[in-house]
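Worksheet: one structure, shown below.
Note on naming: letters A, B, ... go to the chains in the order of the sequence lines (proteins, then strands), and numbering restarts at 1 for each one.
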Protein chains: 2
Amino acid sequence: MVGRPRDERVDQAILAATRKVLTEQGYSRLTVDAVATAAGVGKAAIYRRYSSKHELVFAAAIHDLDLAPPPDGGSLSADLAALVQDVLDSLSTPTARAAGPGLLSDFLGDPALADRFEETFLARERACVQAALDRAVARGELDAPPDTALTHSLIMGPAFVWLYVFRREETETFARDLTVRLEAALRHTPPRT
Amino acid sequence: MVGRPRDERVDQAILAATRKVLTEQGYSRLTVDAVATAAGVGKAAIYRRYSSKHELVFAAAIHDLDLAPPPDGGSLSADLAALVQDVLDSLSTPTARAAGPGLLSDFLGDPALADRFEETFLARERACVQAALDRAVARGELDAPPDTALTHSLIMGPAFVWLYVFRREETETFARDLTVRLEAALRHTPPRT
DNA sequence: TAGTTTCGGAACTCTTCGTTTCGAAATATG
DNA sequence: CATATTTCGAAACGAAGAGTTCCGAAACTA
């Protein structure tokens, strides 16, 4: 590679400034100029790294999500509790709270971004769900495991709505209650149709 | 009231054009000029009725949602099936699919709009959930009814995520499966802590 | 040393929101 | 009927912000 190398501190300053503006102003009031100013950086430095404002916010919000699959908790109940906690943690950071719905809306108009979200976030989460279901079957806790996507929606859905639609701040008792209800939902063997 | 009265056909033309542009272009590509052109109307006629683009889209998307509380279905199972179907129907119209996440994002930057959403949509849905839970208790199907907001999130959340995050088109078997799992989740009496 | 890429900063174009103005039409009031 | 008021479509306007381009300087490679 020839030429002046990119300054890594600029990369970090841009992402940090984006998260700062995001939490202080919200996605709808975030401007690229404001990010550049807050980062002490020229706008060109931003567009050299990200092709659009959407890409910038995506990178800043989906950057260090804790996506290591939770370890075997020993029981379906423990695995579900860990999954619920991980999902709630991912969605309730100040950055995620500020950018989540806006990013979701961006995906509608930018299929490439939506695909990246699917690969970067959804597929990994789904794999964690799948692993927990497989372990429960192996333990004999579940005969017929429910569909993975359905299970995923049963975990992520209530958490998403609780935080982004109902805008509840409190998550502790919610996490406990959701986990208990989820276990009951999954253990139930549906009647043959 | 003095002066020339508002033409009611203009009201309808604006809302119809908004829904048309919404489904054809998506929220992110919807411009007020495009709506005005599609409606055969001046932009001033739009801003005479709505104070912002957000208000316009809100009115067009949350207009005729079927918010009559579902009648007593005779059993918790039947009531849940009806609730799930109503929620899925509300969220899966072409207009809702195009505007849903965008509107949700707008609420973050416009608390007044968020309050109207709470009153117009969430409160009514919550009342339907509450009524179904009350009937189940009266029938003796539930001893300790779960928290209404939690139950609401258990119904709306998976539906929302299924349609807007996973972007699944298919809803029939999803509705059936969700209903069955929900009933199991609600019937379960959580252990004393 | 020459060529390339980065840097911050500024100027620029283009799109879109929201406002204002225009003449004409419709209605209520006197 | 006459006047005041509000509507109508259309067009022009100002402000804001996305994205691009250029500048001189700095950092790196060959």
Side-chain angles (χ1 to χ4, degrees), chain A residues 1-18 20-22 24-61 98-99 102-103 105-110 112-113, chain B residues 1-18 20-22 24-60 98-99 102-103 105-106 108-110 112-113:
Chain A
M1 194 53 179
V2 68
R4 175 174 174 171
R6 292 205 182 159
D7 188 338
E8 215 165 75
R9 291 167 309 181
V10 171
D11 296 67
Q12 296 311 313
I14 289 172
L15 292 175
T18 304
K20 178 179 159 74
V21 175
L22 217 40
E24 288 176 358
Q25 306 287 331
Y27 195 174
S28 63
R29 274 180 273 278
L30 177 144
T31 69
V32 178
D33 289 275
V35 171
T37 302
V41 147
K43 241 193 330 179
I46 293 178
Y47 282 104
R48 216 172 280 125
R49 292 166 170 79
Y50 306 101
S51 65
S52 71
K53 181 172 125 170
H54 305 322
E55 297 270 358
L56 168 65
V57 173
F58 182 91
L103 276 177
S105 172
D106 289 342
F107 298 155
L108 283 176
D110 189 341
L113 207 60
Chain B
M1 195 52 180
V2 69
R4 175 174 173 170
R6 291 204 184 159
D7 189 338
E8 214 166 75
R9 290 166 311 180
V10 170
D11 295 67
Q12 296 311 313
I14 289 172
L15 291 175
T18 303
K20 179 179 160 73
V21 174
L22 217 40
E24 287 177 358
Q25 307 287 330
Y27 195 174
S28 63
R29 274 181 274 280
L30 177 144
T31 68
V32 178
D33 288 275
V35 171
T37 302
V41 147
K43 244 199 319 182
I46 294 178
Y47 282 104
R48 214 172 282 126
R49 293 167 169 77
Y50 306 100
S51 64
S52 72
K53 183 172 121 169
H54 305 322
E55 297 269 358
L56 168 65
V57 173
F58 182 92
L103 276 177
S105 172
D106 289 343
L108 284 175
D110 189 340
L113 208 59

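Taking atom CD on Gln25(B) and atom P on dT16(C), their separation rounds to 10 Å, with Å as the unit. Atom CZ in Arg9(B) sits roughly 13 Å away from atom C1' in dA25(C) (whole-Å rounding). In this entry the distance linking CZ of Arg6(B) with P of dC8(D) reads 7 Å, nearest Å. One atom, CD1 of Ile14(B), and another, C1' of dG9(D), lie 12 Å apart when rounded to the nearest Å. Across the protein-nucleic acid pair, Asp11(A) atom CG and dG8(C) atom P stand 11 Å apart, rounded to whole Å. Nucleotide dG18(C) holds its P atom 11 Å from the CG atom of Leu30(B), rounded to whole Å. Whole-Å rounding puts the Arg48(B) CZ to dT19(C) C1' distance at 12 Å. As rounded to whole Å, 8 Å separates atom P of dT27(C) from atom CZ of Arg4(B).
When distances are taken from the side chain of Val10(B) to each of dA27(D), dC8(D), dA18(D), the shortest belongs to dC8(D). With dC7(C), dC8(D), dA28(C) as the candidates, the nucleotide lying closest to the side chain of Val2(B) is dA28(C).
Across all strands, Ser51(B) comes closer than 4.0 Å to no nucleic acid atom at all (heavy-atom distances). Among the atoms of the strands shown, base atoms are found under 4.0 Å from some heavy atom of Ala44(B). Residue contacts for Leu56(A): at a heavy-atom cut-off of 4.0 Å it reaches no nucleic acid atom on any strand shown.
Contact check for Tyr50(A) versus Ile14(A): side-chain heavy atoms found under the 4.5 Å cut-off. Contact check for Val57(A) versus Tyr27(A): side-chain heavy atoms found under the 4.5 Å cut-off.
Not a single donor-acceptor pair under 3.5 Å links the side chain of Arg6(A) to the backbone N or O of Arg49(A).
Between Arg49(A) and the phosphate of dT6(C), there is no side-chain N or O to OP1/OP2 separation shorter than 4.0 Å.
Between Gly3(B) and Thr31(A), the residue anchored nearer the 5' end of DNA chain D, judged by the nucleotide with its closest heavy atom, is Gly3(B). Each of Tyr47(B) and Pro5(B) has a nearest nucleotide on DNA chain C; the 5'-most of these lies closest to Tyr47(B). Between Lys53(B) and Gly40(A), it is Gly40(A) whose nearest contact on DNA chain C lies nearer the 5' terminus.
Between Gly102(B) and Ser105(A), the shortest heavy-atom contact is CA-OG, 3.4 Å.
Scanning atom types as modelled, no donor and acceptor separated by under 3.5 angstrom connect the side chain of Lys43(B) and the base of dG9(D).
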